[in-house]
Asker: 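One structure follows; several queries about it will come next.
Not measured: the values here are computed from a predicted model. Excluded from the calculations below are hydrogen atoms, water molecules and symmetry mates; all remaining heavy atoms, backbone and side chain alike, are included. Just so we're on the same page: letters track the sequence lines, and every chain starts at 1.
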There are 2 protein chains.
Amino acid sequence: MEAATLKDIARELNISVSTVSRALRDSYEINPETKRLVMECATRLNYRPNPIALSLKGSSSKALAVVVPQIANYYFSQAINGIEEVAQQRGYDVIIFQTHETYEREVAALRQALARRVDGLLISLSSETSTVAHLQEFQQHAPIVQFDRVSSQLATPRVVADNFAGAYAATEHLIKTGRRRIAHLTIQPWLSITQERLAGYRAALEQNCLAYDETLVRFGTFGPNEVGPLVDELLALQPPPDAFFTASDRLAVGCLAALRQRRLRIPADVSLIGFTNLTVADMLAPALSTVEQPATDIGREAVARLLDIIERKHRAAPPATVTMPTALHVRESTSLMDLTP
Amino acid sequence: MEAATLKDIARELNISVSTVSRALRDSYEINPETKRLVMECATRLNYRPNPIALSLKGSSSKALAVVVPQIANYYFSQAINGIEEVAQQRGYDVIIFQTHETYEREVAALRQALARRVDGLLISLSSETSTVAHLQEFQQHAPIVQFDRVSSQLATPRVVADNFAGAYAATEHLIKTGRRRIAHLTIQPWLSITQERLAGYRAALEQNCLAYDETLVRFGTFGPNEVGPLVDELLALQPPPDAFFTASDRLAVGCLAALRQRRLRIPADVSLIGFTNLTVADMLAPALSTVEQPATDIGREAVARLLDIIERKHRAAPPATVTMPTALHVRESTSLMDLTP
DNA sequence: TTGTAAGCGTTATCAG
DNA sequence: CTGATAACGCTTACAA
């Protein structure tokens with residue numbers, strides 16, 4: 001049973017293809033009786049409009065491109081989850097591209113998305129990306145919404161977690177519980193999210209009359225075995241830190257492990273709060289306090305913005321930034337992870 | 001700068017569209033000089049064939065559909081990771097669909113994939129799916145490869161983790177370390193993966209002269225707060241279990257938490273091994289012993305099979321099952337998760 | 001060796 | 001109200 005086309009319906013009813021087309025889109029200029037007949041026949045033949053023909057025709061491809069550094073990452077997979085959910089609901093398919101954190105693959109992904117004539121693009125920048133010419137080029141063809149890792153050089157709507165507030169809340173919580181030397185382990189310094197979190201951390205310190213000490217802040221892409229030495233370095237400071245605030249899942253896990261190996265107790269000796277999202281936090285629960293990133297909501301919100309632009313044909317979308325709230329989950333009181341004999 | 005078409009090149013060079021088309025695909029019947037000219041012009045105008053027009057023409061859409069229950073799940077996001085990697089490498093785009101574990105959405109996804117004229121389908125069945133008519137229907141249009149959650153009712157290649165061997169190894173390890181009453185917490189009984197794991201568990205027991213006791217085996221979709229009571233139930237048995245073997249991340253985490261709440265120590269009081277994958281294991285490391293599922297490799301392998309079928313036009317692919325090895329990671333010796341004061 | 005024309009499924013324009 | 005016809009970008013007989 002091949003897919004039915006307008007032509008099949010037309011042949012069946014001995015009318016023209018254009019009439020069928022119009023009847024199906026409920027054009028006002030079609031005889032109600034004809035409409036009924038066409039509708040009935042369409043249902044009977046299980047007719048589905050061919051989206052490829054529609055795209056060729058030029059109107060819209062009903063497909064969205066999503067470009068992320070990595071799918072196998074809780075944050076991004078949750079974001080894609082939200083994106084796919086809303087997109088499907090509104091009749092759009094989602095085509096996925098990974099950049100693996102390289103500029104080169106980001107460019108390739110955009111080229112591919114362009115070739116596919118997607119109606120819009122959702123992107124979280126690779127950590128290598130520092131120029132946006134490739135995105136500006138893309139923008140001449142279809143609207144873009146940035147999420148999570150965004151660039152202010154690019155005039156598009158942006159949907160991000162409230163990194164500043166999250167970092168502020170975490171830092172302030174640490175201060176309120178008596179911490180004075182709070183280390184901050186974070187990712188690449190040129191990323192928007194890094195800067196915002198750092199700003200929140202710094203603001204909280206300063207609002208609470210604590211000096212910002214740059215020796216307590218470390219940037220990088222730390223591999224699994226690089227966090228330990230780093231924590232050592234920090235603990236060797238005089239005075240040593242009494243708390244850690246980390247900017248990613250991996251950093252939080254590495255830090256947990258390093259602290260444990262050094263026989264430091266949480267929160268007796270040091271406190272630890274990680275910037276992550278609820279699913280990860282639940283897996284580690286409840287040893288780790290977290291600033292929850294609403295990844296799924298960010299995905300949902302981002303795609304909703306994009307679809308609004310696409311459907312209302314607001315090609316010139318306001319480059320507004322939507323900030324999704326983060327939530328501080330403090331879980332230092334008990335540790336279900338105490339599983340040793 | 002709109003995307004260049006064959007027509008643009010033809011106009012530029014004052015030749016016909018068909019000549020350009022042939023030159024670009026290096027047809028033997030074209031003057032080498034013309035070819036050179038066309039090639040040069042194509043490069044200059046940055047010509048990319050329009051995949052949409054190609055699909056309409058009927059040959060191939062260079063797109064693959066991936067249908068999974070949930071993207072926001074480590075297993076599936078890693079599998080998609082591998083799929084996207086290989087697909088992109090071989091020039092195919094990946095369109096993602098989630099079923100959210102419902103049959104209805106699975107059917108909708110297939111319909112959508114069909115409408116998109118994808119060249120092939122990679123699917124991991126929803127837990128609600130018990131009939132395969134919708135897949136057989138799809139098969140008449142494009143080849144399918146199943147992975148992870150597969151149905152033997154459907155004649156397609158299958159790529160799965162070696163669930164039997166993994167479960168066998170886990171169970172045997174528990175026995176060798178002195179356990180005699182090994183509980184098995186697992187998912188929906190009708191899923192292929194459930195059955196294979198159960199079979200491995202059972203075989204290991206029987207090979208080691210232990211009776212299979214069905215009161216120690218529990219099936220279900222346990223919510224976060226349902227695992228606790230279940231563990232209680234099991235522990236109330238006479239004699240109680242001295243080990244747990246769980247079939248998913250969530251079950252493992254729930255079980256960890258429940259055991260802890262009951263002040264049971266791992267592995268002093270009970271042992272615990274979960275069926276999961278390395279990334280999750282690393283996050284929980286090293287409180288949890290695991291049977292690692294090679295999710296990324298399964299994705300890579302599955303898509304490679306599919307592309308081979310597509311490109312060699314082996315529409316009648318042998319419904320062979322590829323079994324990817326699992327690995328037992330024992331990590332009971334130390335617990336970095338002991339973070340309490 | 002190159003050009004012409006038909007066709008893929010749909011919509012839009014323009015006649016009837 | 002309905003029907004031809006052209007167009008979207010490309011491939012492929014068939015003609016020249």
Side-chain angles (χ1 to χ4, degrees), chain A residues 1-39 41-42 45-63 91 112 114-119 141-142, chain B residues 2-39 41-42 45-63 91 111-112 114-119 141-142:
Chain A
M1 197 222 294
E2 285 305 303
T5 69
L6 289 187
K7 204 189 269 184
D8 297 323
I9 301 178
R11 191 174 335 102
E12 187 100 356
L13 293 152
N14 267 311
I15 56 178
S16 80
V17 172
S18 25
T19 304
V20 177
S21 173
R22 275 181 288 232
L24 250 19
R25 48 190 39 257
D26 205 25
S27 162
Y28 66 99
E29 46 181 5
I30 291 287
N31 188 319
E33 177 58 11
T34 312
K35 264 186 202 169
R36 207 189 48 69
L37 245 46
V38 169
M39 293 300 191
C41 186
L45 297 186
N46 193 27
Y47 169 79
R48 311 276 163 201
N50 181 337
I52 296 176
L54 290 183
S55 328
L56 220 215
K57 197 65 182 69
S59 50
S60 99
S61 63
K62 289 283 185 178
Q112 197 62 20
L114 215 54
R116 282 273 168 210
R117 306 290 193 276
V118 294
D119 293 339
H141 303 278
Chain B
E2 282 307 303
T5 69
L6 289 187
K7 201 190 271 183
D8 297 321
I9 300 178
R11 192 175 335 100
E12 187 100 356
L13 269 51
N14 265 313
I15 56 179
S16 81
V17 171
S18 39
T19 303
V20 177
S21 171
R22 276 181 285 235
L24 251 18
R25 48 190 40 254
D26 204 27
S27 162
Y28 67 98
E29 46 179 6
I30 291 287
N31 188 319
E33 176 57 13
T34 312
K35 266 187 201 170
R36 205 188 51 68
L37 245 47
V38 169
M39 293 299 192
C41 186
L45 296 187
N46 194 28
Y47 170 78
R48 311 274 164 203
N50 181 337
I52 296 177
L54 290 183
S55 330
L56 220 213
K57 198 67 183 72
S59 49
S60 101
S61 63
K62 289 281 186 180
R111 205 187 312 108
Q112 196 63 20
L114 216 54
R116 282 273 170 210
R117 305 289 193 275
V118 294
D119 293 339
H141 303 278

Asker: Using whole Å, what does the distance between atom C1' of nucleotide C:dA5 and atom NZ of B:Lys57 come to?
Answerer: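 One finds 12 Å between C1' of C:dA5 and NZ of B:Lys57, rounded.
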Asker: When the distance from CG of A:Leu6 to P of C:dC8 is rounded to whole Å, what number comes out?
Answerer: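 Whole-Å distance recorded here is 13 Å.
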Asker: With rounding to the nearest 0.5 angstrom, report the OG to CD1 distance, B:Ser21 to B:Ile30.
Answerer: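 Going from the OG atom of B:Ser21 to the CD1 atom of B:Ile30 covers 9.0 Å.
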Asker: My understanding is that only residues two or more places apart in sequence, or in another chain, count here; which of them pass side chain to side chain contact (heavy atoms under 4.5 Å, CB included) with B:Leu114?
Answerer: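 Per chain and number, B:Leu114 pairs via side chain to side chain contact (heavy atoms under 4.5 Å, CB included) with B:Phe138, B:His141.
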Asker: Nearest nucleotide by nearest heavy atom, which residue falls closer to the 5' end of DNA chain D, A:Ala53 or A:Arg22?
Answerer: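 The residue mapped nearer the 5' terminus is A:Arg22.
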Asker: So if I take the C1' atoms of five pairs at each end of the helix from C:dT1-D:dA16 to C:dG16-D:dC1 and get each local axis, what angle do the two axes make, rounded to 10 degrees?
Answerer: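 Answer rounded to 10°: the end axes differ by 60°.
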Asker: Take the protein atom CD1 of A:Ile9 and the nucleotide atom P of C:dG9, then report the distance between them rounded to whole Å.
Answerer: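 For the pair A:Ile9 CD1 and C:dG9 P, the rounded distance is 12 Å.
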Asker: Whole angstrom is fine here: how far is it from CG in B:Leu56 over to C1' in C:dG9?
Answerer: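 One finds 6 Å between C1' of C:dG9 and CG of B:Leu56, rounded.
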Asker: Without decimals, in angstroms, what is the distance between B:Arg25 CZ and D:dA13 P?
Answerer: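 Value for this atom pair: 12 Å.
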Asker: Given atom CZ of A:Arg116 and atom P of D:dC10, what is their separation to the nearest angstrom?
Answerer: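 In whole Å, D:dC10 P lies 14 Å from A:Arg116 CZ.
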Asker: Say you draw a straight line from CG of B:Asp8 to OG1 of B:Thr5; how long is it, rounded to the nearest 0.5 Å?
Answerer: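 If I round to the nearest 0.5 Å, the distance is 3.5 Å.
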Asker: Looking only at side-chain N and O atoms, does A:Ser21 come under 4.0 Å of OP1 or OP2 in C:dT10?
Answerer: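 Negative; the distance criterion is not met.
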Asker: What distance separates A:Leu37 CG from A:Leu13 CG, expressed to the nearest 0.5 Å?
Answerer: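 One finds 5.5 Å between CG of A:Leu37 and CG of A:Leu13.
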Asker: Taking DNA chain C as the partner, which of residues 10-18 of chain A come within under 4.0 angstrom of it by heavy atom?
Answerer: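 Under 4.0 Å from DNA chain C: A:Val17, A:Ser18.
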Asker: Rounded to the nearest 0.5 Å, what separation is found between the CD1 atom of B:Ile15 and the CG atom of B:Asn31?
Answerer: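 Answer for the CD1-CG pair, B:Ile15 versus B:Asn31, is 10.5 Å.
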Asker: Quickly work out the B:Lys7 NZ to D:dT11 C1' distance and round it to whole Å.
Answerer: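 Atom NZ in B:Lys7 sits about 15 Å away from atom C1' in D:dT11.
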Asker: Nearest-Å distance, NZ (A:Lys62) to P (C:dT11)?
Answerer: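 Atom-to-atom, A:Lys62 to C:dT11, this comes out as 12 Å.
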Asker: Looking at residues at least two apart in the chain, or sitting in another chain, which of them share a side chain to side chain contact (heavy atoms under 4.5 Å, CB included) with A:Arg116?
Answerer: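 For A:Arg116 the side chain to side chain contact (heavy atoms under 4.5 Å, CB included) partners, ignoring immediate neighbours, are A:Ile95, A:Val118, B:Pro51, B:Lys62, B:Ala63, B:Asp93.
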Asker: Rounded to the nearest 0.5 Å, how far does CD1 of B:Ile9 lie from CE of B:Met39?
Answerer: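 If we round to the nearest 0.5 Å, B:Met39:CE and B:Ile9:CD1 are 10.0 Å apart.
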Asker: Are A:Thr34 and A:Thr19 packed together at the side-chain level, in the sense that at least one heavy-atom pair is separated by less than 4.5 angstrom?
Answerer: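 A side-chain contact under 4.5 Å exists here.
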Asker: What are the two closest heavy atoms between B:Ala10 and B:Val17, and how far apart are they?
Answerer: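 Minimum heavy-atom separation between B:Ala10 and B:Val17: CB-N, 3.9 Å.
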Asker: Judged by each residue's nearest nucleotide on DNA chain C, which is more toward the 5′ side, B:Tyr28 or B:Arg117?
Answerer: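 Of the two residues, B:Tyr28 wins.
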Asker: If you pin B:Asn50 and A:Ile30 to their nearest nucleotides in DNA chain D, which one's is more 5'?
Answerer: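 Looking at DNA chain D, the more 5' nearest nucleotide goes with A:Ile30.
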Asker: Please confirm whether the shortest side-chain N or O distance from A:Tyr47 to OP1 or OP2 of C:dT10 is below 4.0 Å.
Answerer: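 Yes, within the criterion.
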Asker: Please give me every residue in residues 31-39 of chain B whose heavy atoms get under 4.0 Å of an atom in DNA chain D, ordered by residue number.
Answerer: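 Correct list: empty, so none.
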Asker: Mind checking what makes side chain to side chain contact (heavy atoms under 4.5 Å, CB included) contact with A:Arg117, not counting sequence neighbours?
Answerer: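 For A:Arg117, the residues satisfying side chain to side chain contact (heavy atoms under 4.5 Å, CB included) (neighbours in sequence not counted) are B:Ala3, B:Asn50, B:Ile52.
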